[in-house]
Amino acid sequence: MDDNALTALRLSLQVASTATLLVLIPGVMLAYLLARFEFRGKSLVSALVGLPLVLPPTAVGYLLLEAFSMQGMLGREALGFDLDVLLTWKAAVLASAVMSVPLVVRTARVTFEGVDPRLEMMARTLGHGRLATFARYTLPLASKGLLAAAILGFTRAIGEFGATVTIAGNIPGRTQTLASAIFSAQQVGNDREAYFLLAVSLSVGLSAILVSEHLARRRPLRASLPSPGAA
Amino acid sequence: MSAQTQAGARLEVRIRLPLDRFELEVDFRTGHQVTGVFGASGAGKTSLLETVAGLRRQAKGRIRLGREVWLDSKSGTYRRPEERHIGYVPQDGLLFPHQDVRRNLLAGAARARRNGGRLEETFSSVCRLLELETLLGRQVSTLSGGERQRVALGRALCSGPRLLLLDEPLASLDLPLRRRVLPFLRRVRREFQTPTLLVSHDPAEVQALCDELIVLQKGRVIARGSPRQVLTDPKVFPLAEEAGFENLLPGFLLSSQGATSRVRLGSPVSSVQLTTPRLTARPGDDLLVGIPAHEILIATRLPQGLSAQNILPAEVTSVQDLGGLRLVRAALAPDIPDLAIEVTSQAMSDLQLEPGKPVHLIIKATGCSVYAGREGKGEAREKHENLSETSRN
């Protein structure tokens with residue numbers, strides 16, 4: 001078997017799962033905030049969250065590079081110590097995480113918007129506080145959509161290339177993911193390896209889709225509710 | 001919280017709430033077990049209920065149950081919905097779609113336990129009273145409309161509420177089903193004795209359930225009193241008539257023969273009997289007979305050779321002008337509520353109707369509708385409804 005390719009696959013899976021876990025909880029909280037509350041600067045927050053979706057990934061990578069460089073906002077001079085992010089697997093995680101934020105937050109937000117706020121009200125009249133209502137009613141009601149958000153975020157992270165090479169580089173065995181490995185193989189004309197990596201990518205992507213569809217079918221959560229009458 | 005201490009709790013509502021087209025301005029105190037708020041749709045009834053539930057924070061004023069202040073905008077007091085210990089039953093039931101019937105019923109169980117209620121006992125009596133035993137394992141999406149409303153009501157009762165808030169509990173149901181679910185509400189009223197605020201535009205519902213009625217029109221209270229008195233008030237009657245007013249009389253089934261049934265009206269010792277279309281209820285079952293005000297004829301002498309099955313002696317108690325039409329009230333017996341009868345002004349003067357005048361009331365058996373709640377009856381109907389709901393989905 002191709003050692004290089006398997007390492008890249010393993011690293012890709014590691015990076016993507018870490019990035020998804022990193023994004024999921026704050027992303028879901030933010031999505032709920034955006035779905036349910038009106039506050040000042042909401043549209044700005046919403047726009048910032050969506051930014052990685054419209055910027056070239058290399059631009060996002062460059063911004064991150066600037067932030068984590070010696071003189072950057074999160075660099076050694078500002079913090080007083082070195083986070084040691086650049087050109088490591090952490091950088092790859094960071095790049096994938098940032099790139100998957102818009103997909104996770106948007107999907108989760110739409111999901112929360114689809115949960116009838118009157119059901120949450122109902123839970124509160126039955127004695128559940130805001131937090132308990134969120135945990136016991138909102139989350140289960142939104143679970144399908146949130147799962148979809150996580151899977152979308154994960155697949156986006158697996159496919160991340162532009163921002164990752166910019167900030168983490170393309171070092172075989174350390175920061176070379178599937179995406180960058182395909183790029184390298186193609187650059188040096190190693191068709192055999194490129195095809196193999198392609199096949200691996202295809203099977204990973206396909207299984208992600210199949211798994212998500214299976215989960216979506218298993219529990220029909222959003223039964224139709226009769227609409228409330230007037231007055 | 002025992003039923004005894006609950007029953008005495010007075011509800012005080014004095015609020016102003018700006019709505020889309022007018023301001024809701026309501027001021028009442030009530031110590032009755034069931035207080036009804038009656039009005040056409042769009043009168044502000046649901047907004048009132050949601051304010052009492054704590055779901056609308058824009059309201060100004062004061063809300064109090066017993067000694068507990070829920071809202072006082074002067075002192076800035078506001079109790080959150082979860083702190084009000086209410087049992088809220090919205091129009092559409094709002095069951096939790098991700099839980100089965102049992103878990104829905106127990107959604108407020110934690111609070112009931114915190115309040116020291118005997119949950120197991122309450123749960124089993126709710127299941128028995130609302131006939132929910134066979135539904136416990138069902139998914140909410142498979143329930144029919146009537147079943148949904150019963151589960152929603154049961155869920156509120158199982159949460160150990162100090163105040164029940166019912167928003168048009170029958171409005172989402174069709175007429176036959178309404179007749180079937182109403183007796184469940186009467187049972188709950190009798191067995192739980194929880195103070196209740198009920199919002200409705202259905203004259204039958206408020207007559208069957210309320211001790212006192214408050215009529216709301218464009219956000220203002222326009223009448224208040226006992227349901228029968230208020231509904232036949234000249235200001236309110238047109239509203240009630242539009243919503244299908246019926247005289248609602250409590251009674252017992254005596255027997256069924258052929259195509260008809262005999263019903264004793266009023267208390268078990270009353271002598272007034274009525275012939276109705278055949279009922280599937282069992283002899284001895286209590287029920288409610290509905291007779292629309294325009295389905296009753298008045299005769300000053302005992303008529304003969306009539307097809308109508310019921311000719312009942314009565315006495316006129318009052319006459320009211322509704323503008324063109326007159327509303328005559330007549331008493332059948334002291335233990336039966338007065339009947340409201342619609343007549344034209346012409347007939348009024350021809351018959352010289354006035355309080356104290358003895359008359360005969362003529363009621364066709366087929367003019368009577370009966371509200372009876374019994375397992376068995378209506379089951380076929382529920383099944384049928386299930387089917388049609390499935391085919392709709």
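So you know, we letter chains A, B, ... as the sequences are listed, proteins then strands, and number each from 1.
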### Query
What's the verdict on side chain to side chain contact (heavy atoms under 4.5 Å, CB included) for R155(B) and L126(A), showing C-alpha distance, side-chain angles and the deciding distance?
CA-CA 9 Å; R155(B) 176 178 62 184; L126(A) 289 163; 3.7 Å; yes

### Query
With chain A, which of Q99(B), Q139(B), E168(B) has the greatest number of heavy-atom pairs at distances under 4.5 Å?
Q99(B)

### Proximity breakdown for A123(A) and chain B, heavy-atom pairs closer than 4.5 Å
both

### Task
Taking atom OH of Y62(A) as the centre, report whether more than 12 heavy atoms of other residues, nucleotides or ligands fall under 6.0 Å from it.
no

### Query
How about R118(A) and P90(B): do any of their side-chain heavy atoms sit closer than 4.5 Å?
yes

### Task
Output the distance between atom CD (E120(A)) and atom CG (L55(B)), rounded to the nearest 0.5 Å.
12.0 Å

### Distance-minimising heavy-atom pair for L94(B) and M122(A)
O-CG, 3.8 Å

## Note on the structure
Between E82(B) and G127(A) the two heavy atoms that sit nearest each other are CB-C, 3.7 Å

### Task
Go through the structure and list residues passing salt bridge (Lys or Arg N to Asp or Glu O under 4.0 Å) with R130(A), not counting sequence neighbours.
none

### Task
List the atom of R111(B), the atom of T125(A), and the distance in Å for their closest heavy-atom pair.
NH1-O, 2.8 Å

### Task
Kindly assign one of parallel, tilted or perpendicular to the pair F96(B) and Y137(A), based on the angle between their ring planes and the thresholds 30° and 60°.
tilted

### Message
Other residues, nucleotides and ligands only: do more than 12 of their heavy atoms fall within 6.0 Å of CD on E23(B)?
### Response
yes

## Note on the structure
Turns out that what part of E83(B) lies under 4.5 Å from chain A's heavy atoms comes down to neither

### Task
Flag yes if more than 12 heavy atoms outside I25(A) fall under 6.0 Å of its CD1 atom; otherwise flag no.
no

### Query
Is atom CG of L202(A) surrounded by more than 12 heavy atoms (other residues, nucleotides or ligands) closer than 6.0 Å?
yes

### Under 3.5 Å donor-acceptor, H128(A) side chain and A107(B) backbone
yes

### Message
If you count heavy-atom pairs within less than 4.5 Å of chain A, which of G108(B), A109(B), S172(B) leads?
### Response
G108(B)

### Query
More than 12 non-hydrogen atoms from neighbouring residues, nucleotides or ligands closer than 6.0 Å to CZ on R136(A), yes or no?
no

